[in-house]
There are 2 protein chains.
Amino acid sequence: MKKHKSHSRVLMPFKENGHSHKKCLDSALITAEKTCLARGVRLTRLRRRVLELVWGSHEPVKAYDILDKLRDEHSGSAPPTVYRALDFLRAEGMVHKIESLTAYVGCGEPEHRHIGQFLICRACGAVAEMDDAEVRELLAEKADTLGFHIDREMIEIKGLCAACLTENI
Amino acid sequence: MKKHKSHSRVLMPFKENGHSHKKCLDSALITAEKTCLARGVRLTRLRRRVLELVWGSHEPVKAYDILDKLRDEHSGSAPPTVYRALDFLRAEGMVHKIESLTAYVGCGEPEHRHIGQFLICRACGAVAEMDDAEVRELLAEKADTLGFHIDREMIEIKGLCAACLTENI
DNA sequence: ACCTTAAATGTTATATTATAACATAACATT
DNA sequence: AATGTTATGTTATAATATAACATTTAAGGT
């Protein structure tokens with residue numbers, strides 16, 4: 001079995017000028033639907049709606065902000081409504097939790113399960129996701145020298161994105 | 001100015017057989033006292049006590065567990081008592097917050113400020129801290145290709161430590 | 001179509017984590 | 001001792017998350 005060279009991939013880039021978020025959102029929803037269908041799991045209306053709300057922007061969204069919107073639409077919504085949907089979406093890799101912000105962000109590539117590396121702009125709040133094999137390999141190597149076996153990594157990097165760097169001179 | 005080769009350093013290793021935690025704790029407290037003195041900041045009795053409680057083990061400690069112990073000793077303790085002490089200790093680099101566990105752990109090397117990479121054993125709960133320049137450099141490089149400027153990284157890795165790997169065969 | 005079962009959602013209550021806001025006490029300097 | 005600053009006390013509440021049980025909805029077999 002040939003192992004292809006591992007690339008640095010950007011799953012969800014920072015939005016550029018002219019970013020059509022409507023298209024971005026639509027495509028995320030379509031991918032989610034296809035992926036759920038293929039996996040035989042159910043993207044119910046509620047789950048779809050929560051995913052839509054998470055994808056409302058490229059900024060991480062708080063669970064209770066989602067809840068507020070759900071309540072506007074359906075008075076029976078309560079914290080478990082949101083957390084169950086988020087649990088499902090996270091389990092299916094469609095949403096990631098940004099631990100350092102206790103907030104949730106859509107995943108740009110849910111088809112194959114992974115946990116990426118997040119770049120969080122402290123100025124505009126946007127989050128980009130990388131899935132870099134070199135980083136993963138280096139960490140595995142380092143952990144290995146301590147005899148540690150990695151199951152799961154969480155990498156959240158804060159700083160300034162290119163656009164905000166330019167603006168703030 | 002000569003730039004020395006960057007090494008992978010383990011600030012706080014996983015405890016080995018025969019680990020004397022008393023010595024470990026004492027040395028952490030002495031280092032903290034020295035460091036605070038040198039910096040002209042005050043390691044008050046309360047702050048020292050909170051640091052001691054955080055250093056009670058190599059497992060991350062929850063804020064409200066610290067609070068419970070403080071209340072045993074002094075009825076006037078309340079959430080702000082703990083969080084203020086933790087804020088101070090974190091600002092001085094003596095304690096790190098493990099975001100993915102919302103828990104706090106002592107830093108093995110508070111003299112110079114840094115944020116390390118944490119290895120968290122899912123079996124025994126212990127946390128080790130690395131401060132690996134290669135990892136930092138690689139991430140900086142990757143971020144740079146996206147035009148992103150890093151301020152601060154959070155790296156939390158979950159898995160099995162050497163001891164638990166052996167035990168669980 | 002009907003029944004059964006499993007999965008999803010509704011509902012109420014509560015646990016856990018963290019901060020706001022203002023009062024008082026301790027400490028350091030003059 | 002008077003003063004300003006830093007630390008702590010105190011009360012209240014905000015923000016995040018889960019437990020436990022009831023009801024509804026969907027899926028698969030007959």
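Residue numbers begin at 1 in each chain, while the letters A, B, ... track the order of the sequences.
Put simply, the side chain of B:Tyr83 and the base of C:dA20 share no donor and acceptor less than 3.5 Å apart.
In the set D:dT8, C:dT17, D:dA20, the nucleotide with an atom closest to the side chain of B:Arg84 is D:dT8. For A:Thr81, taking side-chain heavy atoms from C-beta onward, the closest of the listed nucleotides C:dG10, D:dT18, D:dT16 is C:dG10. Side-chain proximity of B:Pro80 to the nucleotides D:dT11, C:dA7, C:dG10 is greatest for D:dT11. Among the nucleotides C:dA18, D:dT16, C:dT9, the one closest to any side-chain atom of A:Arg47 is C:dT9. The side chain of A:Lys97 lies closest to D:dA17 when the candidates are C:dA18, D:dA7, D:dA17.
In this entry D:dT11 has C:dA20 as its Watson-Crick or G-U wobble partner, both defining distances falling under 3.5 Å.
No side-chain donor-acceptor contact under 3.5 Å links A:His114 and A:Glu109.
Phosphate contact (OP1/OP2 of C:dT9, side-chain N/O of A:Thr44, threshold under 4.0 Å): present.
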Could you check B:Glu134 against A:Lys142 for salt bridge (charged side-chain N to carboxylate O under 4.0 Å, His left out), going step by step and ending with a plain yes or no? CA-CA 10 Å; B:Glu134 271 185 74; A:Lys142 297 294 181 176; 2.9 Å; yes

Walk me through whether A:Glu156 and A:Ser100 qualify under side-chain hydrogen bond (donor to acceptor under 3.5 Å, both in side chains). CA-CA 7 Å; A:Glu156 298 176 9; A:Ser100 62; 2.5 Å; yes

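The residue B:Arg42 sits close only to the backbone: its heavy atoms come under 4.0 Å of sugar-phosphate atoms, none of a base.
Under the 30°/60° scheme for interplanar angles, the aromatic rings of A:His19 and A:His21 are found to be tilted.
Distance, A:Lys62 NZ to D:dA17 C1': 12 Å, rounded to whole Å. Per the geometry, CG belonging to A:Asp65 stands 13 Å off C1' belonging to D:dA14, to the nearest Å. Protein atom NE2 of A:His74 is 12 Å distant from nucleotide atom C1' of D:dT23, rounded to whole Å. Atom CG in A:Leu67 sits roughly 14 Å away from atom P in C:dT12 (whole-Å rounding).
The stacking criteria are not both satisfied for B:Tyr64 over the base of C:dT16, which would need a centre-to-centre distance under 5.5 angstrom and an angle between ring planes under 30 degrees.
With values rounded to the nearest 0.5 angstrom, A:Ile155 atom CD1 is found 10.0 Å from A:Asp131 atom CG.
With the nearest nucleotide of DNA chain D identified for both B:Val41 and B:Ala78, B:Val41 has the one nearer the 5' end.
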